[in-house]
Amino acid sequence: MSLPHQLAAGELLTALRGASCASSALRLYSLLRIRLPPSDPSSFAGRAAAFALKPLSSAGSLPLLSHFHAHLIRSNLLAYPQVASSLLRSYSLLSPAAAHHLFDQIPPATCNLFVVNVMLSSLCRSSDLASARLFFNDIPDKDIVSWSTMLACYFSNKSVADGLAFFRTMTFTTTLAPDYVMLVTVLTGCASAGLLQPFCRSIHGYIVRRQAVSMHLGTSLIDCYAKVGRLDYASRVFVRVPSRNVMHWTAMICGMAMHLHYDEAIQLFEEMRRQGVRPNEMTFTAVLSVCGHAGLVEQGREFFKLMVEEYDLEPTVHHYGCMVDIFAKAGQLEDAYDVIKTMRVEPNIIIWTSLLAACKRLKNFDIAMEVLDEVLAMEISDENGGLYTLISDLYVMAGRWDDVLKVRRLMEEHNVRKNRWSRSVRAGKPPGLIDPAVS
DNA sequence: ATAGGGTTAG
């Protein structure tokens with residue numbers, strides 16, 4: 001390979017790595033392929049394929065991905081585990097079934113731990129906990145990534161106690177040491193189970209002993225302590241973080257808000273800005289929700305304006321939701337409804353619930369009746385089953401008996417009562433035989 | 001060149 005040739009290929013590869021959309025990635029990829037000699041001693045083609053697959057999966061087109069897949073087979077690039085795992089990951093984001101199918105066809109020589117871990121994370125996202133666990137059990141040389149993928153799967157399935165027990169199993173039965181990603185995962189699990197405050201402390205102790213406190217762990221510790229009700233510990237971690245970034249500030253502001261310290265939350269926000277830390281969209285979600293809870297309508301308006309005009313952030317459905325809630329809580333139903341009518345994103349269940357709850361409280365049925373058909377046409381998940389009760393109450397109060405019956409039927413179809421019951425059973429499950437003193 | 005994690009409105 002001549003030198004200029006190689007340089008050009010290297011530059012293309014760098015550009016490909018940073019490519020953000022599928023079409024530019026594919027263009028760069030084919031340019032690069034044309035310049036490569038058949039021998040390709042630096043396996044540029046393989047690297048390029050791995051890079052190109054990332055923007056390809058975010059394009060969300062399965063036919064496009066299959067097309068590239070066919071190309072990879074023709075050019076024998078799938079033999080590289082790096083390419084195979086990238087392709088598998090791309091498939092798993094678009095079609096778990098296709099990912100599973102591909103995995104079965106990967107030859108043993110290519111199927112290294114990277115590939116297997118991608119398959120595990122695909123199962124964790126798309127399948128049930130038990131199937132993921134069976135797959136995990138069959139992995140021969142599980143590494144820290146396999147364990148933390150599985151651990152996160154427990155937590156995302158709300159099996160917190162089982163997850164923490166699983167974590168203990170790792171510490172007892174393997175020589176693997178938890179790295180910071182796994183510790184973040186564990187702390188997230190602790191945060192979702194308020195009863196496990198001692199466990200959160202013991203993880204903190206472990207982190208301090210290992211001198212593993214990193215920027216990420218600081219955020220997770222603040223969040224975890226706040227969620228388990230120890231705002232004092234959260235603050236202590238917060239003040240000790242050497243260089244506080246947006247995430248630390250936001251986690252602390254959320255913690256303050258969670259514990260009803262609205263003034264402190266807003267003061268923290270102002271202090272953060274004074275120190276030159278740029279708030280992000282989550283920071284604004286936090287302060288706007290504070291305004292809703294504290295009844296600060298004007299303040300909320302100002303924050304919203306600040307976000308758009310000074311920080312140039314595009315409001316998301318969360319921010320609009322906060323604005324609806326601010327107006328709804330303050331009894332300004334027309335303003336709340338105006339936000340919904342004029343916002344640039346589709347309203348979701350949370351937003352409607354916020355508006356409808358205020359309609360019920362204020363016995364304002366005009367707006368409620370205007371929007372209910374639209375709300376009922378939406379996909380209401382079991383988790384939001386309570387919305388049916390709210391809607392039914394509104395119809396009762398408005399004397400619309402036919403509609404009451406209609407909603408009752410919907411509730412039966414969706415098993416609203418049954419699901420509530422099973423949720424409470426799950427929530428009431430003992431947090432498990434976890435001894436915080438160990439690990 | 002490839003794998004796992006983090007704060008978000010009712």
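When reading the values below, keep in mind they use all heavy atoms of this one structure, side chains included, and skip hydrogens, waters and symmetry mates. Each chain gets a letter, A, B and so on, in the order the sequences are listed, and its residues count up from 1. The structure displayed is predicted, hence computed values, not measured ones.
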Indicate, with a heavy-atom threshold strictly under 4.0 Å, whether [X] touches base, sugar-phosphate, or nothing.
{"X": "A:Thr316", "value": "nothing"}
{"X": "A:Val324", "value": "nothing"}
{"X": "A:Phe114", "value": "base"}
{"X": "A:Leu387", "value": "nothing"}
{"X": "A:Tyr80", "value": "base"}

From the options [options], select the nucleotide whose nearest atom is closest to the side chain of [X].
{"X": "A:Thr185", "options": "B:dT2, B:dA9, B:dG5", "answer": "B:dG5"}
{"X": "A:Thr250", "options": "B:dG4, B:dT7, B:dT2", "answer": "B:dT7"}
{"X": "A:Tyr180", "options": "B:dG5, B:dG4, B:dT2", "answer": "B:dG5"}
{"X": "A:Thr149", "options": "B:dG6, B:dG4, B:dG10", "answer": "B:dG4"}
{"X": "A:Asp223", "options": "B:dG5, B:dT7, B:dG10", "answer": "B:dT7"}
{"X": "A:Cys254", "options": "B:dT7, B:dT2, B:dA3", "answer": "B:dT7"}
{"X": "A:Ser86", "options": "B:dG10, B:dT2, B:dA3", "answer": "B:dT2"}
{"X": "A:Ile349", "options": "B:dG5, B:dG10, B:dA3", "answer": "B:dG10"}
{"X": "A:Met182", "options": "B:dG10, B:dA3, B:dG4", "answer": "B:dG4"}
{"X": "A:Asp143", "options": "B:dA1, B:dG6, B:dA3", "answer": "B:dA3"}

task: Would you state whether a donor and an acceptor, one from the side chain of A:Ser354 and one from the base of B:dG10, lie under 3.5 Å apart?
output: no
Contact under 4.0 Å: [X] side-chain N or O vs [N] OP1/OP2:
{"X": "A:Lys227", "N": "B:dT8", "answer": "yes"}
{"X": "A:His293", "N": "B:dA9", "answer": "no"}
{"X": "A:Arg47", "N": "B:dT2", "answer": "no"}

Figure out the [atom1]/[atom2] separation between [X] and [N], and round it to whole Å.
{"X": "A:Ile351", "N": "B:dA9", "atom1": "CD1", "atom2": "P", "value": "12 Å"}
{"X": "A:Asn280", "N": "B:dT8", "atom1": "CG", "atom2": "P", "value": "12 Å"}
{"X": "A:Lys142", "N": "B:dG4", "atom1": "NZ", "atom2": "P", "value": "19 Å"}
{"X": "A:Leu120", "N": "B:dT2", "atom1": "CG", "atom2": "P", "value": "19 Å"}
{"X": "A:Met150", "N": "B:dG5", "atom1": "CE", "atom2": "P", "value": "13 Å"}
{"X": "A:Leu151", "N": "B:dA3", "atom1": "CG", "atom2": "C1'", "value": "16 Å"}
{"X": "A:Arg89", "N": "B:dG4", "atom1": "CZ", "atom2": "C1'", "value": "10 Å"}
{"X": "A:Met343", "N": "B:dA9", "atom1": "CE", "atom2": "P", "value": "16 Å"}

- request: Using side chain to side chain contact (heavy atoms under 4.5 Å, CB included) as the criterion, point out the one residue from A:Cys124, A:Ser126, A:Ser131 that pairs with A:Asp128.
  value: A:Ser131
Kindly say whether the aromatic ring centers of [X] and [Y] come within a distance under 6.0 Å.
{"X": "A:His204", "Y": "A:Tyr233", "value": "no"}
{"X": "A:His71", "Y": "A:Tyr29", "value": "yes"}
{"X": "A:Phe51", "Y": "A:Phe44", "value": "no"}
{"X": "A:Phe136", "Y": "A:Trp147", "value": "yes"}
{"X": "A:Phe238", "Y": "A:Trp249", "value": "yes"}

task: Kindly check if the number of other-residue, nucleotide or ligand heavy atoms within 6.0 Å of CD (A:Glu270) is above 12?
output: yes
